[in-house]
Amino acid sequence: MNKYLNIKTTAVSLLVALAVGCTGDFDEINTNDNALTEDQLDASLAGPAFASAQYAGIHNGSYSSPGVDDQGTWGIATGIISSTFVQYMNTGYSTDRNAFGGFESRGWLRFYTVAVPALQNAMKAAEGNEEALAILKIWKVFMFNQMTDHYGPIPYTEAGSGAEKIAYDSQEAIYEDFFVLLDEADTILSASSEATSALFQTSDRIYAGDVESWRVFGNSLRLRLALRISDVQPQKAQEQAELAVANGVMQSNDDSAFFSVSEITPNNLNMIVNSWGYFMTASMESILKGYNDPRMEVWFAKTEDSLFIGQPAGGLNDEFGTTKFSPFNEDVLGNDYRNTKDIEILMASECYLNRAEGALNGWNMSGSAEDFYETGIELSMNQWGVDDAEAIDNYIGGTSTPVVPIITDLYPDLDLYTPPVTLPVSWASSEAEQRNQIAVQKYLALFPESWETWADLRRTDQEVVYPLLNSDNLDAGVGTELMKRVIYVTNEISSNGEAVDAAVELLDGPDTGGTRLWWDVN
């Protein structure tokens, strides 16, 4: 196990060596073969190490660091896992039918051999700098939240300790610590007289060390996590959500968090979605086309027949013959190696939609659910360059509903004639329908960041996407429905088996994709 979690592994040394060659701009990092020891860590390395933790923490890899990462990192850790599960895109991999095949290990290995040690290096190098450490605590919560919401119990407290065997923490205990870290960070950042954390000013690729921006990010993350635990710890969820809003969450797209890409830290999604054969899905087509959503033309491209055609999820090999499906728009999301599209991390639109749901829960979100819902939609539209106020108003007041995908014209036997989403965008009259509308709009607003989308769909259990046409997974709780979790990786089972066995006990169910996580109780 220490092979994957020790801060001094060769892979980590290589990654942090990327930062050693940088005295200012992370764009200029370069590789070398020198192993970095702990006594070499000083304040000058805090920023570059943080930049490495950011990039690896959002599951992207750089082709310029052979042996450590590559541009396929996102495709394997995200594209064929969560992005496929939520039907943001189809790939033809076995995960399209809810099956695993070893692909699930990529995200785990990159996280524990690259992201975690880089974050720990940043924390060691930043010792004594309260603002910098507060920011790093917030990023730790973000990184580990995505991983625990994929797997359930994971190595957390002992991760990176260098011990031969590393214990797993329960998800409940991990979440408990998340809120402690966010409290500590907010206390420091809200009292700081510094506008910028000097250690991160040139290397932080998200907010350039801006103290207030990170404070707002931390509270927006707190709001997200509060909703996640709302079914298992409703009182604490309300307290945390109301605290987040009182402290200050994202108010505009200027607050949104993006990772600023460069030639050496590219957007992996842009690089591979079209070359790897990812397509628009039938679920996306049904919703976007039914709502006359202007984002459809931003995200996807028409086929040679000038049509937007989505591929059904769960198709068998060659089930659709030579049918052409809509690829990603090359000018926006499928722009290969141009490295112009920054990477979405947490958007202001999500915050408003989270507040809308919180308001329906009876929480004090400082406004009405309907107003938050409509503002969230507007901000998402603006984020993608849709600025026509009249068009946005028409969308928000729209009464049309999702449609049957075009593929049924070619394959009339497909069971796609009842779209999962049956409501219009226009704010409904019943609370149950309003919750469904919020879930659908959050599904669209989060695109293409599928790690959070998958967690949110599991939590809410709202019908948003079609069931799979076929499933290769016979485990209880899976079938053609939404996968519930990612299974533990084989190298962990072989090298840290006792800890994995204990983690399965904490999971309170078998190590399958059908076992619900701690917070997923409905």
Side-chain angles (χ1 to χ4, degrees), residues 7 12-32 34 36 38-65 68-69 114-143 185 188-189 192-218 221 253-268 338-346:
I7 198 170
V12 176
S13 297
L14 282 171
L15 181 72
V16 180
L18 296 176
V20 175
C22 169
T23 58
D25 192 345
F26 186 59
D27 291 356
E28 298 174 2
I29 57 179
N30 54 82
T31 59
N32 65 54
N34 297 323
L36 187 67
E38 290 186 31
D39 61 359
Q40 291 174 299
L41 286 169
D42 59 35
S44 67
L45 294 180
F50 183 30
S52 296
Q54 288 177 345
Y55 192 57
I58 54 174
H59 322 289
N60 276 240
S62 175
Y63 55 85
S64 61
S65 52
V68 180
D69 264 320
V114 180
V116 170
L119 180 68
Q120 291 184 330
N121 280 332
M123 286 183 161
K124 289 178 181 294
E127 285 181 0
N129 187 310
E130 287 190 332
E131 286 85 2
L133 288 173
I135 291 170
L136 291 171
K137 287 177 181 180
I138 292 170
W139 191 246
K140 178 180 180 178
V141 173
F142 177 86
M143 282 177 28
I188 295 298
L189 297 182
S192 176
S193 60
E194 301 293 331
T196 304
S197 173
L199 288 184
F200 298 152
Q201 190 166 7
T202 58
S203 296
D204 173 9
R205 302 296 289 274
I206 302 174
Y207 289 126
D210 187 87
V211 167
E212 179 62 13
S213 293
W214 275 110
R215 193 187 68 80
V216 169
F217 178 93
L221 180 57
N253 283 334
D254 290 338
D255 297 324
S256 294
F258 293 88
F259 179 91
S260 180
V261 299
S262 70
E263 289 186 3
I264 205 166
T265 52
N267 186 328
N268 290 175
R338 280 178 274 172
N339 302 318
T340 56
K341 176 70 178 62
D342 290 340
I343 303 171
E344 294 84 3
I345 297 176
L346 199 160

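Numbers here simply count residues along the sequence, with the first being 1.
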Testing the basics here: between A132 and N129, what is the closest heavy-atom pair and its distance to 0.1 Å? N-OD1, 3.0 Å

Which pair of non-hydrogen atoms, one from Q54 and one from D204, has the smallest distance, and what is that distance? NE2-OD1, 2.7 Å

Say you draw a straight line from CD of E263 to OG of S62; how long is it, rounded to the nearest 0.5 Å? 10.5 Å

Listed by chain and number, what are the side chain to side chain contact (heavy atoms under 4.5 Å, CB included) partners of T196, not counting sequence neighbours? Q201

Please report the shortest heavy-atom distance between S197 and V211, naming the atom on each side. N-CG2, 3.9 Å

Testing the basics here: between L119 and K140, what is the closest heavy-atom pair and its distance to 0.1 Å? CD2-CB, 3.6 Å

Do I345 and F142 make a side-chain contact, defined as non-hydrogen atoms from C-beta onward lying under 4.5 Å apart? yes

Non-neighbouring partners of K137 that pass salt bridge (charged side-chain N to carboxylate O under 4.0 Å, His left out), sequence neighbours left out: E184

Search all heavy atoms of N268 against all heavy atoms of G61 and return the closest pair with its distance. OD1-N, 2.6 Å

Side-chain donor or acceptor of S203 paired with backbone N/O of L199 under 3.5 Å: no

V216 meets the side chain to side chain contact (heavy atoms under 4.5 Å, CB included) criterion, sequence neighbours left out, with E212, S220, M250

When rounded to the nearest 0.5 angstrom, what distance separates NE2 in H59 from CD1 in I343? 10.5 Å

What distance do L346 atom CG and F258 atom CZ have between them, rounded to the nearest 0.5 Å? 10.5 Å

If you take all heavy atoms of L133 and A126, which pair is closest and at what distance? CG-O, 3.8 Å

L136 CG to M123 CE distance, which is reported to the nearest 0.5 Å: 5.0 Å

W139 meets the side chain to side chain donor-acceptor pair (under 3.5 Å) criterion, sequence neighbours left out, with none

Backbone of A115 reached by a side-chain donor or acceptor of Y55 within 3.5 Å: no

Spacing of OG1 belonging to T265 relative to CG belonging to N339, to within rounding of 0.5 Å: 8.0 Å

Which ring pair (Phe, Tyr, Trp, His ring centres under 6.0 Å) pairs, counting each pair once, include a residue from residues 192-213, with sequence neighbours left out? F50-F200, Y207-W214

Sidechain-backbone polar pair: N60 side chain, I58 backbone, donor-acceptor under 3.5 Å: yes

Enter the distance from R205:CZ to D342:CG here, rounded to the nearest 0.5 Å. 8.5 Å

Does E194 have any side chain to side chain contact (heavy atoms under 4.5 Å, CB included) partners at least two apart in sequence or in another chain, and if so, which? E131, S192

